[in-house]
Amino acid sequence: VLGIIGPSGAGKSTLARHIVGVLRPSAGAVRLDGADVSVWTKSSLGQHLGYLPQDIELFADTVAANISRFQEGEDREAILAAQMAGVHEMILRLANGYDTQVGEGGAILSGGYRQRVGLARAVYGNPSLVVLDEPSSNLDADGDAALADCILQLKKRGTTVVIISHRPSTLGVVDKILVLRDGIAEMFGPRNEIVTRLTRAVPVQAVQGTAR
(Lines give C-alpha, C1' and ligand atoms only; values in the text may rest on other atoms or scores of the structure.)
Protein backbone atom coordinates (compact mmCIF):
# COMPACT_ATOMS: atom_id res chain seq x y z
CA VAL A 1 0.00 0.00 0.00
CA LEU A 2 1.55 3.28 -1.17
CA GLY A 3 0.45 6.69 0.12
CA ILE A 4 1.06 9.74 -2.07
CA ILE A 5 1.13 13.15 -0.40
CA GLY A 6 2.15 16.67 -1.35
CA PRO A 7 0.82 20.22 -1.66
CA SER A 8 -1.97 21.20 -4.03
CA GLY A 9 -0.74 21.25 -7.62
CA ALA A 10 2.10 18.81 -6.93
CA GLY A 11 0.81 16.38 -9.57
CA LYS A 12 -0.77 13.73 -7.35
CA SER A 13 -4.03 13.35 -9.27
CA THR A 14 -2.17 13.60 -12.58
CA LEU A 15 0.06 10.72 -11.49
CA ALA A 16 -3.03 8.70 -10.55
CA ARG A 17 -4.55 9.26 -14.00
CA HIS A 18 -1.31 8.17 -15.65
CA ILE A 19 -1.14 4.99 -13.56
CA VAL A 20 -4.63 3.88 -14.63
CA GLY A 21 -4.14 4.88 -18.27
CA VAL A 22 -6.54 7.85 -18.36
CA LEU A 23 -3.65 10.09 -19.42
CA ARG A 24 -0.77 9.17 -21.69
CA PRO A 25 2.66 10.50 -20.70
CA SER A 26 4.37 12.91 -23.10
CA ALA A 27 7.64 11.11 -22.42
CA GLY A 28 8.50 7.72 -21.00
CA ALA A 29 5.93 5.05 -20.18
CA VAL A 30 3.74 3.71 -17.37
CA ARG A 31 4.15 -0.04 -17.08
CA LEU A 32 2.21 -2.61 -15.10
CA ASP A 33 3.99 -5.95 -14.89
CA GLY A 34 6.23 -4.68 -17.68
CA ALA A 35 3.37 -3.85 -20.07
CA ASP A 36 2.84 -0.28 -21.28
CA VAL A 37 -0.69 0.67 -20.16
CA SER A 38 -1.11 3.10 -23.07
CA VAL A 39 -1.20 0.26 -25.62
CA TRP A 40 -3.66 -1.93 -23.71
CA THR A 41 -7.26 -1.82 -24.82
CA LYS A 42 -9.36 -0.08 -22.17
CA SER A 43 -11.70 -3.06 -21.75
CA SER A 44 -8.77 -5.41 -21.15
CA LEU A 45 -6.90 -3.05 -18.84
CA GLY A 46 -10.05 -2.20 -16.89
CA GLN A 47 -10.45 -5.79 -15.67
CA HIS A 48 -7.24 -5.46 -13.67
CA LEU A 49 -7.70 -1.94 -12.31
CA GLY A 50 -9.89 -0.19 -9.78
CA TYR A 51 -10.00 3.62 -9.73
CA LEU A 52 -11.75 6.05 -7.42
CA PRO A 53 -11.20 9.60 -8.73
CA GLN A 54 -11.70 12.76 -6.68
CA ASP A 55 -14.81 13.65 -8.67
CA ILE A 56 -16.96 10.54 -8.41
CA GLU A 57 -19.19 10.09 -11.43
CA LEU A 58 -22.17 7.82 -10.98
CA PHE A 59 -24.55 7.17 -13.85
CA ALA A 60 -28.33 7.35 -14.03
CA ASP A 61 -28.95 3.67 -13.34
CA THR A 62 -29.20 1.32 -10.38
CA VAL A 63 -26.76 1.05 -7.52
CA ALA A 64 -25.91 -2.48 -8.67
CA ALA A 65 -25.19 -1.39 -12.24
CA ASN A 66 -22.87 1.39 -11.06
CA ILE A 67 -20.93 -0.96 -8.79
CA SER A 68 -20.67 -3.75 -11.37
CA ARG A 69 -19.50 -1.35 -14.10
CA PHE A 70 -22.62 -2.25 -16.09
CA GLN A 71 -21.65 -5.88 -16.54
CA GLU A 72 -24.57 -8.29 -16.74
CA GLY A 73 -25.20 -11.22 -14.43
CA GLU A 74 -22.70 -10.27 -11.73
CA ASP A 75 -25.00 -9.56 -8.77
CA ARG A 76 -22.97 -11.64 -6.34
CA GLU A 77 -19.75 -9.81 -7.26
CA ALA A 78 -21.51 -6.46 -6.76
CA ILE A 79 -22.63 -7.50 -3.28
CA LEU A 80 -19.14 -8.73 -2.36
CA ALA A 81 -17.65 -5.42 -3.52
CA ALA A 82 -20.22 -3.46 -1.50
CA GLN A 83 -19.48 -5.54 1.58
CA MET A 84 -15.76 -4.91 1.18
CA ALA A 85 -16.41 -1.17 0.86
CA GLY A 86 -18.63 -1.23 3.95
CA VAL A 87 -21.68 0.05 2.08
CA HIS A 88 -23.79 -3.13 1.79
CA GLU A 89 -26.00 -2.44 4.82
CA MET A 90 -26.52 1.17 3.71
CA ILE A 91 -27.64 0.00 0.27
CA LEU A 92 -30.14 -2.41 1.80
CA ARG A 93 -31.75 0.53 3.57
CA LEU A 94 -32.48 2.30 0.27
CA ALA A 95 -36.05 2.13 -1.08
CA ASN A 96 -35.24 -0.62 -3.58
CA GLY A 97 -31.90 -1.83 -2.29
CA TYR A 98 -29.44 -2.59 -5.06
CA ASP A 99 -32.15 -1.85 -7.65
CA THR A 100 -32.51 1.76 -6.47
CA GLN A 101 -32.07 4.29 -9.27
CA VAL A 102 -29.40 6.78 -8.16
CA GLY A 103 -30.28 9.53 -10.66
CA GLU A 104 -27.90 11.50 -12.88
CA GLY A 105 -24.57 11.81 -11.13
CA GLY A 106 -25.93 9.88 -8.15
CA ALA A 107 -28.22 12.81 -7.31
CA ILE A 108 -30.28 10.94 -4.70
CA LEU A 109 -27.20 10.00 -2.69
CA SER A 110 -25.16 12.12 -0.28
CA GLY A 111 -21.51 12.85 -1.00
CA GLY A 112 -20.33 10.23 1.48
CA TYR A 113 -22.76 7.67 0.06
CA ARG A 114 -21.52 8.32 -3.49
CA GLN A 115 -17.93 7.97 -2.33
CA ARG A 116 -18.59 4.59 -0.74
CA VAL A 117 -20.47 3.32 -3.82
CA GLY A 118 -17.54 4.57 -5.90
CA LEU A 119 -15.18 2.63 -3.62
CA ALA A 120 -17.27 -0.52 -4.13
CA ARG A 121 -16.99 0.00 -7.89
CA ALA A 122 -13.21 0.40 -7.57
CA VAL A 123 -12.79 -2.93 -5.76
CA TYR A 124 -15.36 -4.77 -7.91
CA GLY A 125 -14.06 -7.89 -9.64
CA ASN A 126 -10.94 -8.28 -7.45
CA PRO A 127 -8.60 -6.00 -9.43
CA SER A 128 -4.82 -6.36 -9.11
CA LEU A 129 -4.25 -2.61 -8.69
CA VAL A 130 -6.54 -0.11 -6.96
CA VAL A 131 -5.89 3.65 -7.12
CA LEU A 132 -7.82 5.83 -4.67
CA ASP A 133 -7.65 9.62 -5.09
CA GLU A 134 -8.75 11.36 -1.87
CA PRO A 135 -11.05 8.44 -0.95
CA SER A 136 -12.01 9.90 2.45
CA SER A 137 -12.82 13.49 1.44
CA ASN A 138 -16.58 13.09 2.05
CA LEU A 139 -16.52 10.42 4.71
CA ASP A 140 -17.52 10.61 8.36
CA ALA A 141 -15.84 8.61 11.13
CA ASP A 142 -17.74 5.42 10.23
CA GLY A 143 -16.82 5.88 6.58
CA ASP A 144 -13.16 6.38 7.50
CA ALA A 145 -13.19 3.15 9.50
CA ALA A 146 -14.84 1.27 6.62
CA LEU A 147 -12.23 2.65 4.19
CA ALA A 148 -9.34 1.56 6.41
CA ASP A 149 -10.86 -1.91 6.77
CA CYS A 150 -11.35 -2.13 2.99
CA ILE A 151 -7.70 -1.25 2.38
CA LEU A 152 -6.57 -3.89 4.86
CA GLN A 153 -8.75 -6.49 3.11
CA LEU A 154 -7.23 -5.53 -0.24
CA LYS A 155 -3.76 -5.84 1.26
CA LYS A 156 -4.55 -9.35 2.53
CA ARG A 157 -5.62 -10.28 -0.99
CA GLY A 158 -2.26 -9.17 -2.33
CA THR A 159 -3.76 -6.21 -4.18
CA THR A 160 -1.49 -3.24 -4.86
CA VAL A 161 -3.14 -0.08 -3.49
CA VAL A 162 -2.16 3.51 -4.21
CA ILE A 163 -3.80 6.14 -1.99
CA ILE A 164 -3.71 9.90 -2.44
CA SER A 165 -4.84 11.42 0.82
CA HIS A 166 -4.41 14.31 3.22
CA ARG A 167 -5.91 12.52 6.21
CA PRO A 168 -3.41 11.05 8.70
CA SER A 169 -5.97 8.35 9.61
CA THR A 170 -5.91 7.07 6.04
CA LEU A 171 -2.13 7.19 5.74
CA GLY A 172 -1.90 5.07 8.88
CA VAL A 173 -2.56 1.94 6.81
CA VAL A 174 0.10 2.54 4.13
CA ASP A 175 3.47 0.79 3.95
CA LYS A 176 5.36 3.41 1.96
CA ILE A 177 4.94 7.12 1.25
CA LEU A 178 5.81 9.12 -1.86
CA VAL A 179 6.08 12.88 -1.39
CA LEU A 180 5.49 14.89 -4.57
CA ARG A 181 6.31 18.55 -5.09
CA ASP A 182 6.03 20.38 -8.42
CA GLY A 183 5.70 17.08 -10.25
CA ILE A 184 8.91 15.67 -8.79
CA ALA A 185 9.39 12.83 -6.30
CA GLU A 186 10.85 14.65 -3.30
CA MET A 187 10.87 11.71 -0.88
CA PHE A 188 10.07 8.02 -1.08
CA GLY A 189 10.41 5.26 1.47
CA PRO A 190 8.82 3.37 4.38
CA ARG A 191 6.00 5.30 6.08
CA ASN A 192 7.68 5.78 9.47
CA GLU A 193 10.93 6.92 7.87
CA ILE A 194 9.21 9.53 5.69
CA VAL A 195 7.00 10.79 8.52
CA THR A 196 10.12 11.20 10.68
CA ARG A 197 11.93 13.11 7.92
CA LEU A 198 8.94 15.37 7.38
CA THR A 199 8.63 16.05 11.10
CA ARG A 200 12.30 16.99 11.32
CA ALA A 201 12.14 19.17 8.21
CA VAL A 202 9.28 21.44 9.35
CA PRO A 203 7.35 22.19 12.55
CA VAL A 204 4.82 19.54 13.57
CA GLN A 205 1.88 21.88 12.96
CA ALA A 206 2.99 22.42 9.36
CA VAL A 207 3.29 18.68 8.77
CA GLN A 208 -0.20 18.15 10.14
CA GLY A 209 -1.51 20.94 7.94
CA THR A 210 0.03 19.32 4.86
CA ALA A 211 -1.39 15.94 5.78
CA ARG A 212 -4.99 17.02 6.14
**Asked** Same cluster for Leu58 and Val87 if Ile/Leu/Val/Met/Phe/Trp/Tyr side chains link at under 4.5 Å?
**Response** yes

**Prompt:** Would you say the side-chain atoms of Gln115 and Ser137 include a donor-acceptor pair closer than 3.5 Å?
**Reply:** yes

**Prompt:** Would Asn66 and Arg121 count as a side chain to side chain contact (heavy atoms under 4.5 Å, CB included) if you check the C-alpha gap in whole Å, the side-chain angles of each, and the deciding distance to 0.1 Å?
**Reply:** CA-CA 7 Å; Asn66 274 279; Arg121 179 171 61 190; 3.9 Å; yes

**Fill in**
So CZ of Arg24 and OG of Ser38: to nearest 0.5 Å the spacing works out to 4.0 Å

**Request:** For Thr159 and Lys155, run side chain to side chain contact (heavy atoms under 4.5 Å, CB included): C-alpha distance rounded to whole Å, both residues' side-chain angles, the deciding distance at 0.1 Å, then the answer.
**Result:** CA-CA 5 Å; Thr159 304; Lys155 186 175 179 178; over 6 Å; no

**Message:** What's the separation between atom CZ in Arg200 and atom OG1 in Thr196, rounded to the nearest 0.5 Å?
**Reply:** 6.0 Å

**Prompt:** Can Arg157 and Asn126 be counted as having a side-chain donor-acceptor contact under 3.5 angstrom?
**Reply:** yes

**Item:** Pair listing, salt bridge (Lys or Arg N to Asp or Glu O under 4.0 Å) test, anchored in residues 176-187, at least two apart
**Value:** Arg181-Glu186

**Message:** Quick check: is Leu45 connected to Leu23 through a chain of hydrophobic side chains (ILVMFWY, heavy atoms under 4.5 Å apart)?
**Reply:** no

**Request:** Look at the side-chain heavy atoms of Ile, Leu, Val, Met, Phe, Trp and Tyr, link any pair under 4.5 Å apart, and say whether Leu52 and Leu15 land in one connected group.
**Result:** no

**Message:** Looking at Arg191 and Asp175, would you say the former's side chain and the latter's main chain have a donor-acceptor pair under 3.5 Å?
**Reply:** no

**Asked** Just by modelled atom types, is the Ala122 backbone N or O under 3.5 Å from a matching donor or acceptor in the Arg69 side chain?
**Response** yes

**Asked** What pairs meet the side chain to side chain donor-acceptor pair (under 3.5 Å) rule with one or both residues in residues 94-106, with sequence neighbours excluded?
**Response** His88-Tyr98

**Message:** Measuring from atom OG1 of Thr160 to atom CG of Leu129, what distance do you get when rounded to the nearest 0.5 angstrom?
**Reply:** 6.0 Å

**Request:** Please check if the side chain of Ser68 supplies one atom and the backbone of Ala64 the other of a donor-acceptor pair under 3.5 Å.
**Result:** yes

**Message:** For the backbone of Pro7 and the side chain of Lys12, can you confirm whether one donor and one acceptor N or O come within less than 3.5 Å of each other?
**Reply:** yes

**Asked** Looking only at atom types and distance, does a side-chain atom of Ser136 sit under 3.5 Å from a main-chain N or O of Leu139, one as donor and one as acceptor?
**Response** no

**Request:** For the residue pair Ile151 and Val174, establish whether any side-chain heavy-atom pair is separated by less than 4.5 Å.
**Result:** no

**Prompt:** What do the steps show when you test Asp61 against Val102 for side chain to side chain contact (heavy atoms under 4.5 Å, CB included), and what is the final call?
**Reply:** CA-CA 6 Å; Asp61 210 306; Val102 302; 5.9 Å; no

**Prompt:** Does some side-chain heavy atom of Pro25 sit less than 4.5 Å from a side-chain heavy atom of His18?
**Reply:** yes

**Prompt:** Taking only residues two or more places apart in sequence, or in another chain, which ones meet Phe59 in a ring pair (Phe, Tyr, Trp, His ring centres under 6.0 Å)?
**Reply:** Phe70

**Request:** Examine Val162 and Leu132 and state if one hydrophobic cluster contains both, with Ile, Leu, Val, Met, Phe, Trp and Tyr joined whenever side-chain heavy atoms are less than 4.5 Å apart.
**Result:** no

**Request:** Identify the two heavy atoms, one from Ile67 and one from Ala82, that lie closest to each other, and give their separation to 0.1 Å.
**Result:** CD1-CB, 4.2 Å

**Request:** Report whether Val117 and Leu92 are members of the same hydrophobic cluster (ILVMFWY, side-chain heavy atoms less than 4.5 Å apart, transitive linking).
**Result:** yes

**Request:** Let me see the working for Cys150 and Val123 under side chain to side chain contact (heavy atoms under 4.5 Å, CB included), right down to the final yes or no.
**Result:** CA-CA 9 Å; Cys150 179; Val123 302; 4.0 Å; yes

**Request:** Let me know which of Ile163, Ile194, Asn192 forms a side-chain contact (heavy atoms from CB on, under 4.5 Å) with Ile177.
**Result:** Ile194

**Asked** Salt-bridged, Asp133 to Arg17, with N to O below 4.0 Å?
**Response** no

